[in-house]
Amino acid sequence: MSATGIVGKPTLGNGNHPAEYRRVYVWELPVRAYHWINAIALVLLCITGYLIGAPLRVFYSAESYQQYWFGWVRFIHFACAYVYVFNFLARLYWGFVGNKYARWNSFFPLKKAQRQEIVDVIKADVFETKLHGPISTGHNALAGFIYFFTFLAFVAQSITGFALYSSMSNSFIPRMFTWIVPLMGGEMSVRYWHHLFLWFFVVFIVVHVYLAFYHDYIEGRGTISSIVGGWKFDRVEETKK
């Protein structure tokens, strides 16, 4: 599939002046599949993780032998954890073989232009001291750098989760992390960090969804639809720079 589409006819770019756009194939199918599988798994992990840490009293209204709700909560949590980990491993692989928007070097601000873009995005999106920030076709440099730290949080959450699971499972993967519990000072400490990362991901999801809609509205280039179909729109005059 070609990475770019046919240059479109002039349209009203800002409501007053005509502008030409081209279609760019940004998010490949594996990236989109990773995004949505990860989104579903992460939301279920946050909900079930919270319920495991703070069970609702309403579920205690029936006798224990009449219900198995906590067992189902734990089963969903553990199943989603495996999906979450293997989905992440697939994304790790695609970071080496995917297109330029999926590759790992887009997550590190190694170039001067990327570091300047981070400053410009902070001025435009956070402090709002700049009217119009840079518009990247893929992730902007700040988003890519934040995603890198989010991946590290994925790893930490997975390790602490499997460490907690290791005391009740004989499976190979959880048993690989039995040493984590004594290293971190016991199960209570591991559970504390695992629960803390839960709230990190809750905040991340809220901010991520807000910024996706914000950029979709401000830039008008199909940010939301691109994670479904893969295509974005670039203004031709900007791509010529």
(request) Start with the C-alpha gap between F200 and L196, add the side-chain angles, then the distance that decides, and say whether side chain to side chain contact (heavy atoms under 4.5 Å, CB included) holds. (result) CA-CA 7 Å; F200 167 83; L196 198 64; over 6 Å; no
(request) Would you please test E117 and F145 for side chain to side chain contact (heavy atoms under 4.5 Å, CB included) and show each step? (result) CA-CA 11 Å; E117 186 181 18; F145 200 39; over 6 Å; no
Gap between atom [atom2] of [Y] and atom [atom1] of [X] - 0.5 Å precision:
X	Y	atom1	atom2	answer
D216	I224	CG	CD1	5.0 Å
F148	S106	CZ	OG	12.0 Å
I118	K123	CD1	NZ	13.0 Å
L29	W94	CG	CH2	8.5 Å
F233	S226	CZ	OG	9.5 Å

Please tell me if the side chains of [X] and [Y] come closer than 4.5 Å, counting only heavy atoms from C-beta onward.
X	Y	value
F107	F149	no
F204	F197	no
V85	F154	no
F70	I52	yes
F88	L92	yes
Y50	W199	yes

(message) Under the rule for salt bridge (charged side-chain N to carboxylate O under 4.0 Å, His left out), what residues qualify as partners of R191, not counting sequence neighbours?
(response)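 Salt bridge (charged side-chain N to carboxylate O under 4.0 Å, His left out) list for R191, sorted by chain: E187.
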Is it true that, when you exclude [X] itself, more than 12 heavy atoms of the residues, nucleotides or ligands shown sit nearer than 6.0 Å to its [atom1]?
X	atom1	result
F75	CZ	no
F213	CZ	no
M168	CE	yes
Y214	OH	yes
F108	CZ	yes

(message) Applying a strict under-4.5 Å side-chain criterion to I, L, V, M, F, W and Y, I'd like to know whether I146 and V206 cluster together.
(response)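 No, because I146 and V206 fall into different hydrophobic clusters, even though each may have its own neighbours under 4.5 Å.
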(request) Check whether L152 and F96 end up in the same hydrophobic cluster, where Ile, Leu, Val, Met, Phe, Trp and Tyr are linked by side-chain heavy atoms less than 4.5 Å apart. (result)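 Shared cluster, yes.
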(message) Is the terminal nitrogen or CZ of R32 (NZ for Lys, CZ for Arg) located under 6.0 angstrom from the six-membered ring centre of W27 and within 45° of that ring's axis?
(response)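 Negative - R32 is either too far from the ring of W27 or too far off its axis.
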(message) Can you confirm if the NZ or CZ of R91 lies within 45° of the ring axis of W104 and under 6.0 Å from the centre of its six-membered ring?
(response)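 Positive - R91 is close enough to the ring of W104 and near enough to its axis.
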(request) For M184 and T160, run side chain to side chain contact (heavy atoms under 4.5 Å, CB included): C-alpha distance rounded to whole Å, both residues' side-chain angles, the deciding distance at 0.1 Å, then the answer. (result) CA-CA 9 Å; M184 295 182 66; T160 53; 4.2 Å; yes
(request) Start with the C-alpha distance between F162 and F78, add both sets of side-chain angles, then the distance that settles ring-ring contact (aromatic ring centres under 6.0 Å, His included), and finish with yes or no. (result) CA-CA 9 Å; F162 280 120; F78 299 149; 9.1 Å; no
(request) Taking atom types as modelled, find out whether Y165 and H77 have a side-chain donor-acceptor pair closer than 3.5 angstrom. (result)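 On atom types as modelled, these side chains do not qualify, holding no pair under 3.5 Å.
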Do any side-chain atoms of residues 33-45 form donor-acceptor pairs under 3.5 angstrom with protein atoms, and if so which ones, sequence neighbours left out?
unit_1	atom_1	unit_2	atom_2	d
W36	NE1	I227	O	2.9

Is a donor on one side and an acceptor on the other found under 3.5 Å between the side chain of [X] and the backbone of [Y]?
X	Y	result
E28	N99	yes
D234	R22	no
S169	S166	no
R115	L110	yes
N87	A90	no

